[in-house]
Amino acid sequence: MHSIKRRRLVAIFFVAILFLASKRILTQQMVVGVNVVNPMRASVADQNILLSQLKAAQVHVIRCGISNDKGIDFAKRAAAQAIRIQLIVGPEYRPNAPTRPYQPKEFPNMWSGHPFSYADPTLSKTAFQRLFDSLDANGIELAGVELGNEINWAAFNPEFPLPGEGKILSLQDLADDPEGKQIAKGFLQYVKVLESLKEVRDHSRLNRSAPIILAGLVSAEDGAKLYNNKKEDMVSLSATIAFLRAHGLDSPVDAYGVHSYPSSGQPGNPAAAAQRLGRLNSVDLAKCRAKGVKDGKPCWITEWGFPNADMSCPAKEAGRTLLIEELRGDFAAAAAEHRLVGIDYFSWNSDPWSKTTDPDSVYRCGALTESGREAVAP
């Protein structure tokens, strides 16, 4: 009788251990990182200070762009601190590609650049090969690679005209609307560049397993109104993914990149929290599927966060901390369903060229804020 009881207790013990182990593995499946703003604008000394701060906070993944040999050197120094880069890369363009000019007075946050319809997959492949060869030669392993940023709105996709039509374009607009049809041409070229990126990634010595992430998309809702009246158009999140999937997106990418910036109103209010969760699931994560499911891919929230415009020191963070704790719980639930594989808070720092503190930043007053600790916690 005692022997049976002992065996039963041992069995219960091992079941409990397996349960805890499985929960730990599940938690580890979601990468937790942070956006670092324009580190290549900082001096090497300031970059090293930045990396030391990140290491002290136990940050192991940073999302940023790097370029040329100075960028490789930065990545090597990051790797020495056990920090991997989730790298943002861009396409190469045909020599005759037009440029949408920067209009600082009319559209100060809409950047100049070439339309995606002029992106060249062959030139892009050559540039990607050079980059991945350099990463391999220097022993640098990436956390992931993301092609472009917020390609579904005017700020980062010069295919959009300025001014536009003053609306959020739908899937039907990509087929019928004159502006939408032009944007669709750029999206088609974007998929071809993604395929070039995948071909290079697949033959890398060190980074053949680095996930390829769809450019972090603005979570614009179908049928909603634009955030302002300046005619800075968007394509809805659902329409963008649906169009790209219909033209081969799921073959080259491992995850859909999404940006999530929920309302920061009424922190700690259960009704407001429920509204944020509802939008997260109905808009931001609506297209996210567990790996292996036929009708989609998991998502990686490559930007998320809440601003804090109070610049006093020490930082007053009670409201933002509540919001971040709430959203981390919502993210954990999506990760448990295997729909969400990574999150990168925006942002750790202010732009090195900026003369003011960025309200989005969590490293201020010479220290990591309370909300920042919650945002980057493993």
Side-chain angles (χ1 to χ4, degrees), residues 29-39 54 59-66 75 78 83-91 111 142-153 155-157 187 190 193-194 197-198 201 207 210-220 234-238 240-241 244 249-250 252-262 279-281 283-289 291 296-307 324 327-328 330-332 334-335 338-349 351 358 360-362 372 375-378:
Q29 287 178 338
M30 185 175 75
V31 176
V32 177
V34 64
N35 282 264
V36 173
V37 180
N38 293 327
L54 291 162
V59 171
H60 297 292
V61 172
I62 58 174
R63 177 179 181 256
C64 65
I66 60 173
I83 297 170
R84 291 185 298 157
I85 291 178
Q86 184 183 322
L87 184 59
I88 306 169
V89 297
W111 314 113
L142 299 175
V145 57
E146 184 177 358
L147 179 62
N149 181 63
E150 295 188 348
I151 64 171
N152 63 323
W153 82 305
F156 292 94
N157 184 348
F187 283 172
Y190 176 86
V193 177
L194 269 175
L197 175 60
K198 182 179 187 298
R201 188 280 310 263
N207 287 295
I212 295 176
I213 306 166
L214 168 65
L217 301 177
V218 175
S219 61
M234 303 176 176
V235 179
S236 77
L237 174 64
S238 61
T240 304
I241 292 179
L244 292 171
L249 173 69
D250 285 355
V253 303
D254 300 290
Y256 304 147
V258 177
H259 291 175
S260 182
Y261 289 102
R279 180 184 166 86
L280 178 71
N281 286 319
V283 180
D284 301 12
L285 300 182
K287 294 292 185 180
C288 310
R289 303 289 184 269
K291 183 178 180 180
K297 295 280 185 175
C299 285
W300 193 314
I301 296 181
T302 56
E303 289 184 19
W304 69 280
F306 300 95
I324 287 174
L327 200 53
R328 283 296 304 261
D330 296 340
F331 289 161
H338 304 283
R339 295 188 298 129
L340 183 62
V341 294
I343 56 173
D344 303 304
Y345 190 81
F346 191 92
S347 64
W348 177 269
N349 62 323
D351 189 305
D358 191 326
D360 291 320
S361 65
V362 291
V376 302

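A donor atom on one side chain and an acceptor atom on the other are found under 3.5 Å apart for Asn38 and Asp351.
A distance of 5.0 Å separates CD1 of Ile66 from CD1 of Ile85, quoted to the nearest 0.5 Å. Distance CD/Glu303 to OH/Tyr261: 3.5 Å, rounded to 0.5 Å. The structure places NZ of Lys287 at 10.5 Å from OG1 of Thr240, a figure rounded to the nearest 0.5 Å. Note that the CD1 atom of Ile213 and the OH atom of Tyr256 stand 13.5 Å from one another [nearest 0.5 Å]. Note: Asp250 CG to Arg289 CZ = 10.5 Å, rounded to the nearest 0.5 Å. Taking CD from Glu146 and CG from Leu197, the interatomic distance works out to 11.0 Å, rounded to the nearest 0.5 Å.
The two atoms that bring Pro262 and Leu327 nearest to each other are CG-CD2, 3.7 Å, heavy atoms only. Listed here is the closest heavy atom pair of Val283 and Ser219: CG1-O, 3.7 Å. Nearest approach of Val31 to Val61, heavy atoms of both residues: CG1-CG2, 3.7 Å. Nearest heavy-atom pair, Val253 versus Leu194, reported as atom, atom and distance to 0.1 Å: CG1-CD1, 3.7 Å. The two residues Asn149 and Phe156 come nearest to each other via the heavy atoms O-CB, 3.0 Å. Taking both residues in full, the closest heavy atoms of Asp330 and Leu280 are given as CB-CD2, 3.7 Å, listed atom of the first, atom of the second, then distance.
Residues Leu244 and Leu214 meet the side-chain proximity criterion, which asks for heavy atoms closer than 4.5 Å. The shortest distance between side-chain heavy atoms of Ile343 and Met30 falls below 4.5 Å. In this structure, Phe306 and Ile324 have side chains that are in contact, with non-hydrogen atoms separated by less than 4.5 Å. When side chains are defined from C-beta on, Trp348 does not count as touching Ile62, because their heavy atoms never get closer than 4.5 Å. With a 4.5 Å cut-off on side-chain heavy atoms, His60 and Val32 do not count as touching. The closest side-chain heavy-atom distance from Val362 to Val376 is not below 4.5 Å. In this structure, Val34 and Asp344 have side chains that are not in contact, with every pair of non-hydrogen atoms separated by 4.5 Å or more.
The main-chain N or O of Ala286 is never found under 3.5 Å from a side-chain atom of Asn281 such that the two would form a donor-acceptor pair. Under a 3.5 Å cut-off, the side chain of Arg63 and the backbone N or O of Gly144 do not form any donor-acceptor pair. The main-chain N or O of Ala215 is found under 3.5 Å from a side-chain atom of Tyr190 such that the two form a donor-acceptor pair.
Tyr345 pairs by the ring pair (Phe, Tyr, Trp, His ring centres under 6.0 Å) definition with Trp304, not counting sequence neighbours. Judged as a side chain to side chain contact (heavy atoms under 4.5 Å, CB included), and not counting sequence neighbours, the contacts of Pro211 are Asp254, Trp300. Under the side chain to side chain contact (heavy atoms under 4.5 Å, CB included) criterion, Cys288 pairs with Leu285, Cys299, Arg339, not counting sequence neighbours.
Of the options His259, Glu150, Gln86, a side chain to side chain donor-acceptor pair (under 3.5 Å) to Thr302 is made by His259 and by none of the others.
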side-chain contact (heavy atoms from CB on, under 4.5 Å) between Ile301 and Asp284, intermediate numbers included: CA-CA 9 Å; Ile301 296 181; Asp284 301 12; 5.7 Å; no

Criterion side-chain contact (heavy atoms from CB on, under 4.5 Å) on Ile151 and Phe187, from CA distance to verdict: CA-CA 8 Å; Ile151 64 171; Phe187 283 172; 4.2 Å; yes

Worked verdict on Asn152 versus Asn157 for side-chain contact (heavy atoms from CB on, under 4.5 Å): CA-CA 7 Å; Asn152 63 323; Asn157 184 348; over 6 Å; no

Candidate pair Phe346 and Val37, rule side-chain contact (heavy atoms from CB on, under 4.5 Å), full reasoning: CA-CA 9 Å; Phe346 191 92; Val37 180; 4.1 Å; yes

